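These notes concern the structure reproduced below.
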Amino acid sequence: MSIGPYSQKVMEHFMNPRNVGEIEDASGVGEVGNPACGDMMRLYIKVEDGIITDAKFRTFGCGAAIASSSMLTEMIKGKTVEEALKITNEAVAEALDGLPPAKIHCSVMAEEAVKKAIEDYLQKQKEKTGE
Amino acid sequence: MSIGPYSQKVMEHFMNPRNVGEIEDASGVGEVGNPACGDMMRLYIKVEDGIITDAKFRTFGCGAAIASSSMLTEMIKGKTVEEALKITNEAVAEALDGLPPAKIHCSVMAEEAVKKAIEDYLQKQKEKTGE
Amino acid sequence: MRKIFFDHISTTPVDERVLEAMLPYFREYYGNPSSHIHEQGQYALRAVDGAREKVAGLIGATPDEVIFTSGATESNNLAIKGVASAYAHRGKHIVVSEIEHFSVLNALMPLMNRGFEVTYVRVDETGLVDPDEVRRAIRDDTILVSVMHANAEIGTIEPVEEIGKLTRERGVLFHCDAAATGGKIPIDVNRMNVDLLTLSAHNMYGPKGVGALYVRDGVRVDPLLDGGFQEKGLRAGTENVPGIVGFGKAAEIAIDEMDADAERLRHLGKALWDGLARRVEHIHFTGHPEKRLPGHVSFWVEFAEGESLLIFLNLNGVMAASGSACSSNLKAKDEEELVASHVLKAIGVPSDICTGSITFSLGKWNTREEVDYVIDIMPGIVKRLWDISPAYADYIRQQSGGQKS
Amino acid sequence: MRKIFFDHISTTPVDERVLEAMLPYFREYYGNPSSHIHEQGQYALRAVDGAREKVAGLIGATPDEVIFTSGATESNNLAIKGVASAYAHRGKHIVVSEIEHFSVLNALMPLMNRGFEVTYVRVDETGLVDPDEVRRAIRDDTILVSVMHANAEIGTIEPVEEIGKLTRERGVLFHCDAAATGGKIPIDVNRMNVDLLTLSAHNMYGPKGVGALYVRDGVRVDPLLDGGFQEKGLRAGTENVPGIVGFGKAAEIAIDEMDADAERLRHLGKALWDGLARRVEHIHFTGHPEKRLPGHVSFWVEFAEGESLLIFLNLNGVMAASGSACSSNLKAKDEEELVASHVLKAIGVPSDICTGSITFSLGKWNTREEVDYVIDIMPGIVKRLWDISPAYADYIRQQSGGQKS
Ligand SMILES: Cc1ncc(COP(=O)(O)O)c(C=O)c1O
Ligand SMILES: Cc1ncc(COP(=O)(O)O)c(C=O)c1O
């Protein structure tokens, strides 16, 4: 069902978000947004041999923010780090069958969250190598 | 019946105006208004022994103008010249059960018409006496 | 007594199909489009957007270019004041025809108090604006030309395409008040080259309280009503959802039926014109004989005052207008100026023998029989007024070589 | 699924009696009040005047003091801009509360561009304006004070009588936006000492697209919409006759039923408030606990975002608002500023743990059963959001002495 301004796909992910939670021994964590601005997304990734084998999230925010997070985790799982870095906000929005104009920033957050999580992963890798 | 902004009385006089016409040997004639301004009233009076024995009118104008003229002729017939001079526009309007605010000037025209007709009569009297 | 409504220029009955379309939005779907996180608001929002598409379709616009307002007066005010405010930095000169509706002419007053200058372009005796006069009126600091599509009082349809072409050439915005034509004759904002166009629902079998302003993509207009973010921020306030839905339905019906209706109305109008010309002495038709609104017949009769004619017509069941609806507004403070309308003055009607024109404006449900009835009763009504008119008496005396008494 | 409309603050269903009163003015009596020489226009004129008497009766005004508009937004704009323009020679300072509706706050913007100064009076944490603050804000060049009767988002009813008394003493005009209270709680323009008062039909079971501005006899207001001579020249444009008739009927019904309805709604509101307080953890009610609109319960819940709550409520058939209807308008260009409303900011709600309040606003047809249902489903909905919230996870960890991951 579609409700309000959202596509059926958005609603589906909003009502049944995939991959909610945390990864205990995450390879990288990305956090974007800030509750004061209405939304905050925290993304956990597990990377093995350069491939994202697991992803989980917690998000505080509107329907689009939750659905974007959920969709993002689905999209990056199984991808290489390089592939994941190429995911654009447009791709997330498109996978959700579109977002209302005022909600585009939610898909931008998703894009930023994966970039940050990968950055964190690479940083940790460097630290490990550096040791 | 009352129609539009007008009282039943106005409508009655509009539809069946009393004393339409001219008096051949009028003692006085008063003309006020001007077709360019939307209305013109011409009042004929017959005065005998200081009493208005007959009155007739022709009027070009709106419903209120026609009804005011008609009512006026009814009001002045049988009155002395002095009494007729005291007829105010309020009295005309009242006799018509009121006029809409924008139409008050029609009753003013009626008051002026009788004043002018009597003036004309007095002028003619003076001329006669002067002869 | 039969009732004949020949006053469609002041307003039209609501088409039953329009009312049917509106009713659910009073009853089941009463939401506020701005509160559209929930279902009720969502229905309302979709209804408004659906209507927007239909109204846009009527005039060849895209839905995004249609702003709903409370009516033609607001649309005209928004166009004139909104453009003036948004483009004041470019210039402070506006060109309008002298026969625009009061909602254009009076909207210019506060602007003139703020330093704007206005050039009023004259019309000829048929009410036509000469595009060349518009061209000559445009100055370097002209920001807007506003010429109506058709005049309600005299029915003349203006050469808006030509005006649109030349304003486009000169890089000046063009606003067209189509309150009297919307849904009645074809309008294409692109062919007309208009930048802003006013529409009114209640003049096209839709409800009162709703209008629209077409604003060409890229044209800036400062809002008149500030507040919420409705209508792209150009017109705040909770939308009149049922009214807008009704407007949409009226537009949809007009798209389908306008051409056939106009054809019928043209015939009826011609029959009325010809009949009156044959039967009523001293009648003078106003407006252009061909370039006129279908079913619109306007005229004045020597020695017969407009209001009195209207009252007698009404007593005979016939409803008509004395020019623009305003002109017959007895509540006006200053009645004097209403007697001879600015439109009649502009087309050079002699004010000493004419006070007020009569406008018969036919609508889609009028019949030939009604037209014949009106033709039949007119001579008698006119005669009655002549019989009590001092000026007519003088005229007759003059004709017979007599003297003024 | 059952449908529960708890969003009467954004708009109300039209009372069937109101619609019945309106229908003849779409069908039989479709005239234009300005074209009232004939019968159709006359019916329309009488209908408008009849409605004017009823609306005047609702607020203790005389009919001459009631100007019909297209809605509360227009009324607020007319009041603010109209007074500013008419009294600019006396002074250019205006005082408003900081929790006014956008149609007041944004109407001030163009004035400020023209040299007006505005003082925003603060409210306390319950949303109450302190009349003494208003008194202190008034300067020698103050021409107008505008304070709303009740705030739609948080329900607080302001001490307007006291404000009216002091503005009267100081010889300053007082405008009160009663869009949220008209027809719901008693209003008496004389007891309140207001000079201008805004009413909205669609917030009191009347139709959308109609409002009124009360303008005290003798108070001058420059029109926003110029054109014809309708509404004493203060508001041009063909009147929305069916809408105005509906507004009149809604006023008539309110006069009869308002007190009993308010009593019922107060009880239902209290039951809802108490139930939520008992069942929902981390809930914070907003607005004043007693001085509030009957049937109005507003709050926010820590770690639960407003829109998500609303969507889940709607999925459960419950329609509510996130503060003012505007705040949930996803079409707004700048969403950021809408997240925490200016009202929540004004009452000091911490923006890092609150995004958007929920407003349940009950209407005359809501039942106790509906209230109980909403109380029942709220905890589960909140829990669902907490379960995916990073901030809530952190909070739980903190509580159990844990660490942020
Ligand atoms: C050409 C034109 N423009 C504007 C208007 C104003 O329309 P409304 O009174 O519906 O706002 C009219 C109404 O007569 C009109 O004829
Ligand atoms: C207090 C107040 N004033 C004005 C308005 C504006 O009303 P409308 O959108 O109906 O014009 C609202 C609407 O929410 C309101 O709550």
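Since we're looking at a predicted model, the values are computed, not measured. Naming: A, B, ... by sequence-line order, numbering from 1 per chain.
The salt bridge (charged side-chain N to carboxylate O under 4.0 Å, His left out) check on C:Lys81 picks up D:Asp226, with sequence neighbours excluded.
Taking chain D as the reference chain and counting heavy-atom pairs below 4.5 Å, the highest number among C:Gly41, C:Ala107, C:Ser200, C:Gly31 is found for C:Gly31. Ranked by heavy-atom pairs under 4.5 Å with chain D, the list C:Ser103, C:Ala72, C:Gly71 is led by C:Ser103. Put simply, of D:Leu313, D:Leu108, D:Thr73, the one with the most heavy-atom pairs under 4.5 Å next to chain C is D:Thr73. Ranked by non-hydrogen atom pairs under 4.5 Å with chain C, the options D:Met109, D:Glu16, D:Met22 are led by D:Glu16. Among C:Asp222, C:Thr11, C:Leu78, the residue with the largest count of heavy-atom pairs under 4.5 Å with chain D is C:Thr11.
Contact of D:Asn77 with chain C is made through the side chain alone, with heavy-atom distances under 4.5 Å. With a threshold of 4.5 angstrom between heavy atoms, D:Ser85 does not approach chain C through any atom at all. For chain D, no part of C:Thr69 is nearby; none of its heavy atoms comes within less than 4.5 Å. Contacts of C:Ala320 with chain D are made by backbone atoms alone, with heavy-atom separations under 4.5 Å and no side-chain atom involved. Both the backbone and the side chain of D:Ala236 come within less than 4.5 Å of a heavy atom in chain C. Residue D:Leu19 touches chain C through its side chain alone, counting heavy-atom pairs closer than 4.5 Å.
Inter-residue side-chain proximity for C:Phe68 and C:Arg235 is flagged as unmet; no heavy-atom pair is nearer than 4.5 Å.
In summary, C:Arg52 and C:Asp49 engage in a salt bridge, as defined by a charged side-chain N under 4.0 Å from a carboxylate O. Electrostatic pairing of D:Glu20 and C:Arg27 counts as a salt bridge here, judged by a charged N lying under 4.0 Å from a carboxylate O.
Using a 3.5 Å distance cut-off with no hydrogens or angles, the side chains of D:Glu153 and D:Ser298 do not pair a donor with an acceptor. Side-chain contact, C:His38 with D:Asp7: a donor N or O sits under 3.5 Å from an acceptor N or O.
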Sequence neighbours left out, cut at 3.5 Å: what donor-acceptor pairs do the side chains of residues 238-246 of chain C make with other protein atoms?
{"residue": "C:Thr238", "atom": "OG1", "partner": "C:Asn32", "partner atom": "ND2", "Å": "3.3"}
{"residue": "C:Asn240", "atom": "OD1", "partner": "C:Gly243", "partner atom": "N", "Å": "3.1"}
{"residue": "C:Asn240", "atom": "ND2", "partner": "C:Gly209", "partner atom": "O", "Å": "3.4"}

Q: Show your reasoning for whether side-chain contact (heavy atoms from CB on, under 4.5 Å) applies to C:Glu74 and C:Leu213.
A: CA-CA 9 Å; C:Glu74 185 185 333; C:Leu213 182 66; over 6 Å; no
